[in-house]
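Just so it is clear: chains get the letters A, B, ... in the order the sequence lines come, proteins before strands, and each one is counted from 1. Computed from heavy atoms alone, side chains included, the values below leave out hydrogens, waters and symmetry copies.
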Amino acid sequence: MRVQLISQVVILTALGLAGCGQPPEASFAVNHDKVDPLLRGARAEVARTLEENFGTPVRLVGWEKFPIDYGKADPKADSKSVRSKDGWRLVEGRNLYMTHCMHCHGVAGDGNGPTAHFLNPRPRDYRQGTFKFKSTQRAVKPSRNDLRRILEQGIPGTYMPSFVLLGEEKLGLIIDYVRWLSIRGNLELRLAVELVGLGATDTDVAQAVADDETKKLTRPGAEEAAMKSVKDELPGLIDDISTSLAESWAAAEQPESIIVPKVKRGAPDQAAIHESIERGRKLFTSQVQGKKTECAECHGLTGRGDGPNTEKYWPIPNSTPERKYEVAGLHDDWGQPQQPRNLTRGIYRGGRRPIDIFRRVHEGIPGTQMAGFANVLSHDEIWDVVNYVLSVPFEGKHTAYPGELNAEKEDKKVASNED
Amino acid sequence: MMQLTKSEKSFRPGATAWISCVCVLLATSAVALLGDRTANSNDAVQVTIRPAVATALATAALAADDKPAPGTGTFKGVVTFKGTPPARKVIVPKGDPKLKPEDREVCAADDLVSDEFLVNEKAGNGVANVVIYLKKAPEGYKAPPEPTEPAVFDQKGCKFIPHVMAVRCNQKILIKSGDPVSHNTNITALRNPPFNKVIPGNERDGVEWQYPKPEGLPIPVKCDLHPWMKAHHLPLDHPFVAVTDEEGKFEIKDLPPGKHMFTVWHEVPGYVNSLNSKLAVEIKADGVTEEKMSFTAAQFKVGN
């Protein structure tokens, strides 16, 4: 009886909290930045496309076009088990993602989970399909191994912890689910941008009515015309975008996509390493003719991540007419302020192995203003820069710089920038 | 929600009501429901596998009509500015003290004026760098192979040359530099992979790049070492594009006869004059269609 009574109280409280009826089903958040400018009908087409090809967080749809291992049904599995069904890896990946990742990265992988607002740097938004720390060429997506490395090691200097304790199998499930989320989000983003390009927006329709010299075009008529072109173009657009996404993720697994140094880093010989560090320092500080790296423009002459570029006001890309960011300093492709790495701290987000830093210098960092130096520096020279970068945290506080680089000059330069 | 109820069996039957309450409570935080239940989900698993549909339809349509058009037409004309053109902005004054000494010599040897909006008053206010193009090749049209000649994208005096460049997909682009200082060429495209490489000083051989996919709009190219440097690239899978020259003139040849919808784009307003930028043009076989376009400051969205 007592259990019954308590349960009644709990039911009433629960109803009070939840309201009457079914609680809402979990859903993927809409990419409002890109989708909202569209006409209502075009927004509905984007939503329908996503639901048809990807489902909802509860009813997942795995589209075989993409290079994702959704998991084939295991005939030996218990018929009640999830593994007895095609697509079980996506389901289990979803469950793990919701437990371990969603809180920061969001249900839709939009980097906007409940915790995201309290984090700096913010969690990665996968929808652009841009990932910073990887072994592949800049133009190529990260490989499964790259994502596994991030999951196993975490990202030092950020809130991304290591998930190594989940074990290899579970990490594999999460990796495929994240790849799937990124493809879903990127398809939504690109489709919305393409539809804006077709003129399926409120502003375009209003403009068409205003511009019509015959004065016969009405608002519903203009909307209908815009929606007709949306419906005509949609199948082709979905096919193009999904094909290109499938190809680009498949390319990431190709061995030729991975950056491999042509020369070895060299033996850890004491004298040789000092010479290499010295050559690297000269390259870093742009003292070598024809090899101007301009590293110091962002990272600063002392590597503190405080170069002159961090004090400029930068234009917002694609803003017409051009506007500038309100905050001085560099911004990433997600529009978030970012600092060039402070190299004196010895914390490297993409990993501290020499090969990690080699790849950062060779290809740059996607989504940021860190450019690749493959055309400026030979692989030997990149190793020199790597050796120098790795030595920066251990430099004496008062390392003497050549005359033209001393602190006084630096101070004067900063002063002259201020006027 | 269903997933949680599965453990009911291990409870006393009398407790089922209590358990369902817990379920309702948990439902208030819907996302929390999708817990780590990898091994034991015995309820209806909601997942569908959608087959990859081979849509060879569109490509088949293109390949079907292999015959060359009987005769082709030319579309040419001029884009002009209505009114008094705005003064060109000086983006880097001569000898700008804010620049580093080596940049000052190269970029600020003279006043560096913006190439953003070029009106030629000597040539009847012709507007340069307006892009006139077809977003898609006409139906049934089979584009000739892309030119083997590489497109050259140069940098001189801390400016990109040309300021606006149309290329064919998969056409080789050589990114060069005639400046002694380093530049970085940073390209963020929609359909194509990103590019951001440092181009060493006096790079005359050129760094290679190409766009595998056509873009719907010209894509911005910038240099982060010299933030004022801007340019646009428009890769297309057909040759029907023209960028107006310094007199505002353009010419597109070899067009199949029929009605074409041209897009008119300029970097300041984006689409020039909104939907009117979709220019319907009738092309006649072996004929020349001429179009004189003139837009006001408001249509170009330039302050005067």
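- Between A:Lys312 and B:Pro227, the closest side-chain pair of non-hydrogen atoms falls below 4.5 Å.
- Interatomic distance, CD1 of A:Ile241 versus NZ of B:Lys213, reported as 11.0 Å (0.5 Å rounding).
- Interface remark: A:Gln289 contributes no atoms to any contact with chain B (heavy atom separation under 4.5 Å).
- Proximity to chain A is absent for every atom of B:Asn202, based on heavy atoms less than 4.5 angstrom apart.
- Put simply, the side chain of A:Lys292 does not reach to within 4.5 Å of the side chain of B:Val181, judged on heavy atoms.
- Residues of residues 186-194 of chain B lying within less than 4.5 angstrom of chain A, judged on heavy atoms, are B:Asn186, B:Thr188, B:Leu190, B:Arg191, B:Pro193, B:Pro194 in numerical order.
- Contact annotation: the side chain of B:Lys136 approaches that of A:Glu233 to within less than 4.5 Å [non-hydrogen atoms, C-beta and beyond].
- Of the atoms belonging to A:Asp86, heavy atoms from both backbone and side chain fall under 4.5 Å from chain B.
- Counting only residues at least two apart or on different chains, the ring-ring contact (aromatic ring centres under 6.0 Å, His included) pairs with a member in residues 173-205 of chain B are B:His183-B:His226, B:Phe195-B:Trp209.
- Using a 4.5 Å heavy-atom cutoff, the side chains of A:Glu294 and B:Val198 are not in contact.
- The minimum heavy-atom distance between B:Leu225 and A:Glu297, with the atom names listed, is CD2-CG, 4.1 Å.
- Closest approach of A:Val376 to B:Pro200, counting heavy atoms only: CG2-CD, 3.8 Å.
- Not a single donor-acceptor pair under 3.5 Å links the side chain of B:Tyr271 to the backbone N or O of A:Gly199.
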